[in-house]
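To start, the structure itself, in structure tokens.
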Amino acid sequence: MSDSAAVAQTSERPELKRVMGPGLLLLFVVGDILGTGVYALTGKVAGEVGGAVWLPFLCAFVVALLTATSYLELVTKYPKAGGAAVYTHKAFGIHFLTFLLTFAVMCSGLTSASSASKAFAANFFSAAHIDPDRGALLMITALAFMTLIALVNLRGVGESVKANVVLTCVELSGLLIVIAIGAWALIGGDGDTSRLTEFHTPEGDSAFGAVTAATALAFFAMVGFEDSVNMAEETKDPVRIFPKIMLIGLCITGVIYVLVAISAVALVSPDELNKGATPLLKVVQAGAPGFPLELFAWITMFAVANSALINMLMASRLLYGMSHEQVLPGPLGRVLRKRRTPWIAILFTTLLAFILIGYADLAALGGTTAFLLLCVFAIVNVAVLVLRRDRVEHKHFHAPTALPVLGVVLCVYLASPLSGRASADYKIAGWLMLVGVGLWIITWLLNKYVFNRHPDFDPSHLDPQGPVN
């Protein structure tokens with residue numbers, strides 16, 4: 001009997017059906033990481049660092065790999081617990097910290113979905129052969145797309161592993177097309193490989209500063225692997241399978257991103273890549289003029305649409321869950337009678353997404369997503385060290401202590417102003433977290449008022465700092 005099976009038998013609650021083997025789990029991990037980041041922000045990263053655009057993606061991969069080892073230790077140590085919030089609460093037991101971390105994860109979903117909406121609008125205009133530089137039309141299309149996402153969300157979406165396989169294949173096909181076109185052009189002598197070692201360094205800055213600033217943005221493309229820990233209960237023998245599959249999945253995406261970056265800058269200059277929100281479409285056009293650009297634009301739209309839908313689903317469900325934990329106002333937990341979807345949470349998160357789409361540009365939204373998750377990852381890297389004192393009987397993955405320590409240092413550095421991170425990232429994240437804290441305070445005051453009016457009522461049920469399950 002495997003160690004994870006033994007752990008499962010000791011559980012008193014019914015477990016989910018274990019349907020995911022190594023192949024399906026690998027597709028889930030790869031599919032979760034691929035998406036808006038590389039499709040929309042490759043040009044913005046090139047604008048930060050210049051021709052050596054592949055280097056920030058490589059650095060972002062290294063930071064993600066370090067944090068992944070912490071997640072692997074935690075998910076194999078607690079195969080029935082999922083997510084950063086659970087690990088943080090288990091490590092520190094500070095309810096408000098758990099709330100802040102959970103709300104930060106939710107906000108990262110909003111900023112990611114908003115960036116996907118802008119990327120969708122830009123690719124839609126490219127596919128329709130309409131001038132994509134018209135800001136008003138781009139804004140209206142992005143808002144309309146987010147409205148459509150909200151309607152789908154309200155109707156209810158049943159997510160399945162089979163659907164994820166299809167979506168992953170579509171997303172992957174677009175990136176493989178870019179790599180193939182780049183390789184064909186380079187073999188034919190059409191590309192300019194001399195750009196690969198060129199650095200764009202603003203006056204008074206160094207190559208190191210340019211790379212770290214670009215890495216702080218490129219990290220957006222590497223996020224998603226952390227979501228796979230929520231599949232632990234549906235994976236066959238997670239203690240044995242998870243470490244190998246997650247690391248393989250990260251390495252696959254890391255290699256794909258580096259190859260896409262090399263193809264992109266070899267065919268299109270960094271300055272041209274940085275213009276607009278369709279950098280990979282420019283690469284396809286430059287390397288294979290005869291390729292049907294409409295097809296690639298639709299592949300990109302499909303990829304970013306999937307990212308937006310998944311992130312908005314996650315954000316609304318997290319808000320709904322926090323409402324039921326009595327840490328956010330109760331109305332956010334209301335559901336439609338027929339559809340059984342959290343309609344107020346969906347409308348609230350959609351409203352916030354509307355504001356983000358209108359207020360921030362693509363680079364700021366991607367940067368804010370990376371910033372919020374870097375903060376979350378820093379806490380997870382600390383949590384894995386704190387939880388070393390909690391012994392479990394079954395065997396599990398053990399990350400070398402140096403890896404989470406290095407992960408903390410790098411995550412904090414990339415999240416700090418020392419990395420050259422844009423001030424807009426802090427402003428957007430700050431306002432979003434203020435909204436969360438404001439809602440938390442309102443809930444606390446309302447709960448306190450109810451208790452004062454009904455002193456015989458059990459306060460543990462209403463305390464907004466109550467246990468987070």
Side-chain angles (χ1 to χ4, degrees), residues 2 4 15-40 57 60-61 64-65 67-69 71-72 74-76 79 82-84 109 112-113 116 119 152 157-180 219-260 280 295-296 298-314 317 373 397:
S2 67
S4 59
E15 63 175 17
L16 299 173
K17 186 177 180 181
R18 298 188 181 276
V19 297
M20 297 187 72
L24 288 178
L25 181 61
L26 179 61
L27 284 169
F28 185 90
V29 173
V30 172
D32 237 8
I33 299 174
L34 297 178
T36 306
V38 68
Y39 275 102
F57 282 104
F61 161 72
L65 192 62
T67 301
T69 62
Y71 272 97
L72 287 175
L74 292 169
V75 74
T76 55
S112 179
V152 174
V157 177
E159 298 178 66
S160 69
V161 174
K162 291 182 179 179
N164 179 261
V165 170
V166 175
L167 297 175
T168 299
C169 291
V170 172
E171 292 172 346
L172 184 59
S173 68
L175 300 178
L176 293 179
I177 287 172
V178 173
I179 294 172
F219 193 77
F220 176 39
M222 288 305 306
V223 301
F225 67 89
E226 72 282 357
D227 290 335
S228 63
V229 300
N230 295 315
M231 303 302 294
E233 289 191 55
E234 294 169 86
T235 301
K236 301 173 183 177
D237 200 358
V239 174
R240 183 179 62 86
I241 291 176
F242 242 94
K244 177 174 63 176
I245 296 303
M246 182 185 281
L247 294 178
I248 291 175
L250 271 170
C251 290
I252 289 174
T253 53
V255 170
I256 289 174
Y257 284 170
V258 170
L259 292 177
V260 166
L280 298 189
L295 174 61
F296 189 83
W298 280 103
I299 290 174
T300 303
M301 290 161 61
F302 195 83
V304 300
N306 180 46
S307 297
L309 178 59
I310 290 175
N311 278 289
M312 291 305 291
L313 281 167
M314 179 272 291
R317 269 58 177 183
L373 289 177
F397 180 86

- Taking Met246 as the fixed residue, which of Leu26, Leu72, Val75 is the one that meets the side-chain contact (heavy atoms from CB on, under 4.5 Å) rule?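 Between Met246 and the candidates, side-chain contact (heavy atoms from CB on, under 4.5 Å) is satisfied uniquely by Leu72.
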- Check whether any side-chain heavy atom of Phe397 sits under 4.5 Å from a side-chain heavy atom of Thr69, and report yes or no.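 In short, these two side chains touch, coming nearer than 4.5 Å.
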- Query: Is a donor on one side and an acceptor on the other found under 3.5 Å between the side chain of Thr253 and the backbone of Ile33?
  - Reply: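 Flag not set: sc Thr253 to bb Ile33 has no pair under 3.5 Å.
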- Item | Exam field: side chain Tyr257 to backbone Ala221, donor-acceptor pair closer than 3.5 Å |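 Yes; judged by distance alone, with no hydrogens or angles, the pair exists.
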For the [atom1] atom of [X] and the [atom2] atom of [Y], what is their distance to the nearest 0.5 Å?
| X | Y | atom1 | atom2 | result |
| --- | --- | --- | --- | --- |
| Leu172 | Ile256 | CG | CD1 | 5.0 Å |
| Leu27 | Ile245 | CG | CD1 | 10.0 Å |
| Ile299 | Ile177 | CD1 | CD1 | 4.0 Å |
| Leu373 | Thr67 | CG | OG1 | 10.5 Å |
| Phe242 | Leu25 | CZ | CG | 5.0 Å |
| Thr300 | Glu171 | OG1 | CD | 10.5 Å |

- Query: Once the angle between the rings of Phe225 and Tyr71 is folded into 0 to 90°, is it parallel (under 30°), tilted (30 to 60°) or perpendicular (over 60°)?
  - Reply: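 Perpendicular.
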- With sequence neighbours excluded, what pairs up with Phe219 under the ring-ring contact (aromatic ring centres under 6.0 Å, His included) test?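 So Phe219 forms a ring-ring contact (aromatic ring centres under 6.0 Å, His included) with Phe377.
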- Residue list, side-chain contact (heavy atoms from CB on, under 4.5 Å) with Leu259, at least two apart or on another chain: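 For Leu259 the side-chain contact (heavy atoms from CB on, under 4.5 Å) partners, ignoring immediate neighbours, are Ile179, Val255.
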- Sequence neighbours excluded, which residues qualify as side-chain contact (heavy atoms from CB on, under 4.5 Å) partners of Leu65?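 Result, side-chain contact (heavy atoms from CB on, under 4.5 Å) vs Leu65: Phe61, Leu247, Leu250.
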- Evaluate the criterion side chain to side chain contact (heavy atoms under 4.5 Å, CB included) for residue pair Leu280 and Leu175; output intermediate values, then yes/no. CA-CA 9 Å; Leu280 298 189; Leu175 300 178; 3.9 Å; yes
- State, to 0.1 Å, how close Val29 and Gly249 come at their nearest heavy-atom pair, and which atoms those are.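 Shortest heavy-atom separation between Val29 and Gly249 comes out as CG1-CA, 4.1 Å.
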- Task: Taking all heavy atoms of Ala308 and all of Ala113, pick out the closest pair and write down the distance.
- Result: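 Heavy atoms of Ala308 and Ala113 come nearest at O-CB, 3.8 Å.
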- Set of side-chain hydrogen bond (donor to acceptor under 3.5 Å, both in side chains) partners for Ser112, sequence neighbours left out: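 Once residues adjacent in sequence are excluded, the partners of Ser112 under the side-chain hydrogen bond (donor to acceptor under 3.5 Å, both in side chains) criterion are Asn311.
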